There are 2 protein chains.
Amino acid sequence: MDINSYKSHRKVLAAVDCIIFGFDGNQLKALLIKRGFEPHKGRWSLMGGFIHDDEDADRAAVRVLNKLTGMDNIYMEQLHTFSQVDRDSAGRVISIAYFALINIADYSEQLQAEHEARWFELSQLPDLVFDHTAMVLKAQESLREKVARQPIGFELLPSKFTLPQLQSLYEAIYETSLDTRNFSKRILALGVLNKLDEKEKKNSRRGAFYYVFDSIKYKSLETNGVRFI
Amino acid sequence: MDINSYKSHRKVLAAVDCIIFGFDGNQLKALLIKRGFEPHKGRWSLMGGFIHDDEDADRAAVRVLNKLTGMDNIYMEQLHTFSQVDRDSAGRVISIAYFALINIADYSEQLQAEHEARWFELSQLPDLVFDHTAMVLKAQESLREKVARQPIGFELLPSKFTLPQLQSLYEAIYETSLDTRNFSKRILALGVLNKLDEKEKKNSRRGAFYYVFDSIKYKSLETNGVRFI
DNA sequence: TCAAAAGTGTTCTAGATACACCCATGT
DNA sequence: ACATGGGTGTATCTAGAACACTTTTGA
């Protein structure tokens, strides 16, 4: 704080916007809504909301996400604050952007309909209001950095998943292709996956074994940080 | 944005606070000021200020930093936004924190006196107002992550510097000690340093050669990212 | 029996680490 | 001559990259 009186400074509206990532087994996607009010009513937008008097930005982001998805305990982290003077055409609003990772299959069709929400491939985003496109791009960049060092990629998958699914998630995030042998070696060497007896049979005749986390080792990786890719 | 009218939401004050890192050749330090106004007048604090109507947070941070140091073109990046409801005892203020890297030798004694500013070792910070201690800790963490992948460590040094100085900078940032041979091998292998004929003779009888960046290769590292450590 | 995805091992290479002595110079 | 910090090379180890075939099973 510099100059004396707090009173001599104009206040601003403070909002949060959520970049919600999901993975459909194949593509990395972002959840967008049709904006329900002016300005730009009817255009595609990130889900967002103003910060209330009695909550900080983190709680506002959780509230906003919960409103759209009905979900709690979602992985979410603050991304960046966007504060261009004219970013919102309706007045001075600074927005604290968050990104969230959810298991796309858990997302209720009903809520989706209610909010006119839709999953978009990142390579095929529609025109977005304000600076929301920049937010999504920045979130994607940050996701790539994060997911290489913290075990958060799993947040995008169901609790049981197969190695081919996990590999395909990493391939989608990095827009690259990985060697199956090296991938499974490295991931299994981390010792955070437990193999189940059960197989997933939708994708192949042979079927692929399901895995789940060893949540104890998983936590220790979370605090220490590791190279996943 | 969620619920309709922008008008139904209370506005907040928006500020920036700067964590200013400097390196004295030995220790990594942060620049703090004696707060000149209430609340908490006279206590140690980060340099900060409110965001003006006609500027975004980045520009506010540059302005605030310039006011304290007289410097321009300083490396600075947004760190995190702090928005706890009661973080500022004088009212609702959200603060967008930035960290800056400066060459400590460039910082004018005169301005230091004017603002009652002082460099503090990170391990010996005084009590700080509000959540400023948390800001410094987060900045330190972020600096460590950043400096390993981007060639920003150099911002803390004079334009001519010696290998022992550079090594000692990395040792200070990571609070570790590095092998001299391996360090010089790796750094020189990056090909971003040019050796001068001149020697720095203050620290030893023999003297250590000065180096400067090869700014062209340096830029390409900046965009691509590399492992420095 | 065949199509389609799952699963698995070895070699090679490059980068990281460990490690110790001589050099230059001012006093 | 000696004390102090500067500068350099080699051997070893480890993690990552490259690479192709066999297995399973439903249709």
Side-chain angles (χ1 to χ4, degrees), chain A residues 24-27 144 147-149 151 153 157-158 160-212 221 224-229, chain B residues 24-27 147-149 151 157-158 160-172 174 176-212 221 224-229:
Chain A
D24 67 1
N26 211 25
Q27 295 277 349
R144 283 183 186 169
V147 99
R149 335 212 117 262
L157 293 171
K160 299 191 295 196
F161 52 89
T162 67
L163 288 186
Q165 281 167 359
L166 185 61
Q167 178 173 346
S168 131
L169 168 63
Y170 278 91
E171 290 177 335
I173 292 175
Y174 290 102
E175 287 172 355
T176 185
S177 70
L178 300 169
D179 180 87
T180 321
R181 287 161 291 187
N182 292 339
F183 180 80
S184 72
K185 240 184 306 174
R186 198 166 48 212
I187 291 290
L188 294 175
L190 293 174
V192 293
L193 299 187
N194 292 331
K195 191 177 191 170
L196 303 185
D197 283 334
E198 201 184 345
K199 279 186 168 186
E200 187 277 331
K201 310 272 287 181
K202 281 189 248 19
N203 273 304
S204 68
R205 312 200 190 293
R206 181 178 176 178
F209 282 103
Y210 278 118
Y211 286 79
V212 293
L221 288 188
N224 301 335
V226 196
R227 281 188 63 83
F228 279 84
I229 197 166
Chain B
D24 68 0
N26 211 25
Q27 295 277 348
V147 99
R149 335 212 119 259
L157 293 171
K160 300 192 295 194
F161 53 87
T162 66
L163 287 186
Q165 282 169 357
L166 186 60
Q167 178 173 346
S168 132
L169 168 63
Y170 278 91
E171 288 178 336
Y174 291 102
T176 184
S177 69
L178 300 170
D179 180 88
T180 320
R181 289 161 290 190
N182 292 338
F183 180 80
S184 72
K185 239 185 306 175
R186 198 167 47 212
I187 291 291
L188 295 176
L190 293 174
V192 294
L193 298 187
N194 292 331
K195 192 176 189 170
L196 303 185
D197 282 334
E198 201 185 345
K199 279 186 166 185
E200 187 275 332
K201 311 272 287 183
K202 282 191 250 8
N203 274 305
S204 69
R205 312 199 188 292
R206 180 177 177 177
F209 281 104
Y210 278 118
Y211 287 79
V212 293
L221 288 190
N224 301 337
V226 197
R227 279 187 63 85
F228 280 84
I229 198 164

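So you know, we letter chains A, B, ... as the sequences are listed, proteins then strands, and number each from 1. Since we're looking at a predicted model, the values are computed, not measured.
In this structure, Leu166(B) atom CG and dG6(D) atom C1' are separated by 15 Å, rounded to whole Å. Atom CG of Asp179(B) is separated from atom P of dA11(D) by 16 Å (rounded to the nearest Å). Summarising the geometry, the separation between CD on Gln167(B) and C1' on dT8(D) is reported as 13 Å, rounded to the nearest angstrom. Between Leu178(A) atom CG and dG16(D) atom P there is a gap of 13 Å when expressed in whole angstrom units.
In terms of heavy-atom proximity, Thr162(B) sits nearest to Glu200(B) at CG2-CB, 3.6 Å. The shortest non-hydrogen separation linking Val212(B) to Lys160(B) is CG1-CG, 4.1 Å. Scanning all heavy atoms of the two residues, the minimum distance from Gly153(A) to Leu169(A) falls at O-CD2, 3.2 Å. Asp197(B) and Phe209(B) get closest at one heavy-atom pair: O-CE2, 3.6 Å. In terms of heavy-atom proximity, Leu166(A) sits nearest to Phe161(A) at CD2-CE1, 4.1 Å.
Tyr211(B) does not carry Lys195(B) over the face of its six-membered ring by the limits of under 6.0 Å from the centre and within 45° of the normal.
Side-chain contact between Leu163(B) and Leu188(B) is present, with at least one heavy-atom pair separated by less than 4.5 Å.
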(request) Do nucleotides 20-27 of chain D as a string where each nucleotide becomes B, S or -: B if the base has a protein heavy atom under 4.0 Å, S if just the sugar-phosphate does, - if no protein is that close. (result) B--BBBBS
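Between Asn203(A) and Asn182(A), the one whose closest nucleotide on DNA chain C sits nearer the 5' end is Asn203(A). If you find the closest nucleotide of DNA chain D to Lys185(A) and to Pro164(B), the one lying nearer the 5' end belongs to Pro164(B).
Put simply, chain B comes within 4.0 Å of DNA chain C, heavy atom to any atom, from dT17(C) to dT27(C), going 5' to 3'.
With sequence neighbours left out, Lys185(A) forms a side-chain hydrogen bond (donor to acceptor under 3.5 Å, both in side chains) with Asn182(A).
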